[in-house]
Amino acid sequence: MRKVYIGPYNCISPLGCTLEDTWSAVLEGKSGITLQEPIGEIPNTYAAIIARDELDSYFTAQLQDIKLAEAFRFTKLEKLMISALLPIVRNLDITTETELIISTTKGNIAQCDGKDKDGVAASLPALAQRIAYLFGFKRSPIVISNACVSGLQAISTAKRLIQMDYCKDAVIVASDLVSEFVLSGFRSFQALSDGICRPYDEDRKGLNLGEAAAALYISKQPIPGQKRQFYVAGEASINDANHISGPSRTGEGLKCSIERALAEAATLPEAVDFICAHGTATVYNDEMEAIALHRTKLADKPINSLKGYFGHTLGTAGLIETILSLECLRNNILLPSLGYQKQGTSLPLAVITETIHKPLSRCLKTASGFAGTNTAILFEKEIL
């Protein structure tokens, strides 16, 4: 199968407005999750929210050297997406063979209510077309909105489109916001933690929602100027159709996704260096993942969840967690799973508890979500 290469990437999170700031904060073990003031009718809750005034300052500074064709008025979500995209597209030759893929679960849902109510602007196709027009993309954008696997599935989609010669390269951007609507949904499932989340820990009580944006370039050609090439070695997405709010508790869908991703990469489980799992810190998700990893003979591999750093960022989760995992491969660093102290799943996992420096070549990234969706991708670093 033809290799698909990963080029520049960037992110903006509660830990920083650039990849460098976010990576430095993560290395220092910082968390962007804090106790928030009531949001609408939702009482104080722990979440990772990007301060609007800081975003506005950063966004205004980034737009200084860009001449817009017309006077745009941007939503917070659009500012996040544009801020994440700018460093990627600034030096990119966007051609008729360059695809834009948008990953989000809710998009501009805030436009459905309040004084700025605008039903058209709230639609996902309208959001995607607006971003495409702003940056001069010449093809119709593609929207991936498939619950918590959206970000990871966007990478899979780009890889497949390139391998099918539908396009020669693609830019992926993902973002979601914390809102009263989203909080009320997860609250109704009793899935929100009353403290900072603790993936895989015995005392985990649920997840924290977070907001972020991430962008990544992917191409059929090796990336010029890049010291080492990174590429998608194998991927698969399986929906086990278990339940509207979660995957199969036997881990069947995730197991099948992992097995097919490794098969495409012609890689055995023992060759995987580490796993960046979904790890939401809910009782059922973490238990399901432990079962799936035992069934795929990966339970002894170092594993982390990055949710303790910036919460569950929904449609962004798969992409921003991939980006930080690529930084781990690039720097040969294993990041600890923030908040973990004692085994909390019925089957043991090799959860990373401290920063480890060691040679790394392969990372397995997984995500699972509502309606039984599961995606697994094996990323590889070129061996020189």
Side-chain angles (χ1 to χ4, degrees), residues 1 4 101-107 124-125 128 142-164 166 170 172 174 176 182 185-186 188-189 191 199 207 218 232-265 269 272 275-298 303 305 307 312-322 345 364-379:
M1 190 68 74
V4 176
I101 300 177
I102 304 281
S103 168
T104 182
T105 63
K106 306 295 182 301
L124 299 186
I142 294 172
V143 177
I144 304 294
S145 185
N146 191 12
C148 303
V149 305
S150 299
L152 206 55
Q153 208 166 64
I155 301 174
S156 297
T157 301
K159 172 252 190 189
R160 294 187 186 197
L161 292 177
I162 290 170
Q163 289 179 329
M164 294 164 56
Y166 177 82
I172 304 166
D176 263 315
V182 180
F186 280 92
S188 68
F189 286 128
L207 59 82
I218 186 166
V232 179
E235 50 77 25
S237 295
I238 303 292
N239 189 319
D240 54 44
N242 173 69
H243 190 270
I244 192 172
S245 67
S248 167
R249 296 186 185 182
T250 67
E252 182 67 19
L254 181 57
K255 167 189 168 290
C256 292
S257 299
I258 292 172
E259 288 177 341
R260 295 190 185 190
L262 294 181
E264 183 185 2
V272 174
I275 303 164
C276 179
H278 196 44
T280 60
T282 63
V283 171
Y284 297 121
N285 174 84
D286 293 6
E287 178 68 14
M288 178 278 293
E289 288 185 308
I291 294 170
L293 293 172
H294 273 263
R295 294 180 66 188
T296 50
K297 305 185 187 312
L298 286 160
I303 181 174
S305 161
K307 300 293 191 292
H312 189 345
T313 56
L314 303 179
T316 321
L319 194 59
I320 191 171
E321 292 168 13
T322 289
T345 53
L364 179 67
K365 178 76 193 89
T366 68
S368 302
F370 285 173
T373 56
N374 300 273
T375 296
I377 300 182
L378 184 71
F379 295 98

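Here the structure is a predicted model, which is why all the values come from computation and not from measurement.
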J.: Pro199 and Lys307: which non-hydrogen atoms are nearest, and at how many Å?
T.: CG-CB, 4.4 Å

J.: Considering the options Thr280, Asn285, Asp286, which one meets the side-chain hydrogen bond (donor to acceptor under 3.5 Å, both in side chains) requirement together with Thr282?
T.: Thr280

J.: If you take all heavy atoms of Leu378 and Ala265, which pair is closest and at what distance?
T.: CD2-CB, 3.6 Å

J.: Dump the intermediate steps for side-chain contact (heavy atoms from CB on, under 4.5 Å) on Leu124 and Thr104, then the final yes or no.
T.: CA-CA 8 Å; Leu124 299 186; Thr104 182; 3.8 Å; yes

J.: Rounded to the nearest 0.5 Å, what separates atom NE2 in His294 from atom NZ in Lys255?
T.: 15.0 Å

J.: To the nearest 0.5 Å, how far apart are OG in Ser305 and CD in Glu321?
T.: 6.5 Å

J.: Could you tell me the separation between the CG atom of Asn146 and the OG1 atom of Thr157, rounded to the nearest 0.5 Å?
T.: 9.0 Å

J.: Could you report the tightest heavy-atom contact between Ala277 and Ile303, atom names first, then the distance?
T.: CB-CD1, 3.7 Å

J.: Looking at Asn242 and Arg249, would you say the former's side chain and the latter's main chain have a donor-acceptor pair under 3.5 Å?
T.: no

J.: Going by heavy atoms in the side chains, are Phe379 and Ile155 under 4.5 Å from each other?
T.: yes

J.: Of the non-hydrogen atoms in Ser248 and Asp240, which two are nearest, and what is the gap between them?
T.: N-OD2, 3.0 Å

J.: What are the two closest non-hydrogen atoms of Gly369 and Val149, and how far apart are they?
T.: N-CG1, 4.1 Å

J.: Report the C-alpha separation of Thr322 and Ile377 in whole Å, then their side-chain angles, then the decisive distance to 0.1 Å, and conclude whether the side-chain contact (heavy atoms from CB on, under 4.5 Å) test is met.
T.: CA-CA 9 Å; Thr322 289; Ile377 300 182; 5.9 Å; no

J.: Mind running side-chain contact (heavy atoms from CB on, under 4.5 Å) on Val232 and Ile218 for me, showing each step along the way?
T.: CA-CA 9 Å; Val232 179; Ile218 186 166; 4.3 Å; yes

J.: Does the side chain of Ile320 reach to within under 4.5 Å of the side chain of Thr313, using non-hydrogen atoms?
T.: yes

J.: Drop me the distance from Ile258's CD1 to Ile275's CD1, to the nearest 0.5 angstrom.
T.: 6.5 Å

J.: For the ring pair Phe189 and Tyr284, is the centre-to-centre distance below 6.0 Å?
T.: no

J.: Would you mind telling me which of Met288, His278, Arg295, Glu259 makes a side-chain contact (heavy atoms from CB on, under 4.5 Å) with Leu254?
T.: Met288

J.: On a heavy-atom basis, which atom in Ala292 and which in Gly251 lie closest, and how many Å separate them?
T.: CB-O, 3.7 Å

J.: Walk me through whether Ser368 and Asn374 qualify under side chain to side chain donor-acceptor pair (under 3.5 Å).
T.: CA-CA 4 Å; Ser368 302; Asn374 300 273; 2.8 Å; yes

J.: Quick check: does any side chain N or O of Thr345 sit under 3.5 Å from a backbone N or O of Glu287, one acting as donor and the other as acceptor?
T.: no

J.: Drop me the distance from Ile238's CD1 to Ser257's OG, to the nearest 0.5 angstrom.
T.: 5.0 Å

J.: Would the distance check show the side chain of Glu264 and the main-chain N or O of Ala236 forming a donor-acceptor pair, the cut-off being under 3.5 Å?
T.: no

J.: Can you tell me if Glu289 uses its side chain to pair, donor with acceptor, with the backbone of Gly279 under 3.5 Å?
T.: yes

J.: Any side-chain heavy-atom pair from Val182 and Thr105 closer than 4.5 angstrom?
T.: no

J.: Evaluate side-chain contact (heavy atoms from CB on, under 4.5 Å) for His312 paired with Leu314, printing each intermediate quantity in order.
T.: CA-CA 6 Å; His312 189 345; Leu314 303 179; 3.9 Å; yes

J.: Any donor and acceptor pair, going by atom type alone, linking the side chain of Thr316 with main-chain N or O of Asp176 inside 3.5 Å?
T.: yes

J.: Only one of Arg160, Lys365, Arg260 clears side-chain hydrogen bond (donor to acceptor under 3.5 Å, both in side chains) with Glu235; which?
T.: Arg160

J.: When you measure from the side chain of Thr375 to the backbone N and O of Ala367, does any donor-acceptor pair fall under 3.5 Å?
T.: no

J.: Quick one: pull up CD in Gln153 and OG in Ser145 and give me the separation to the nearest 0.5 Å.
T.: 10.5 Å

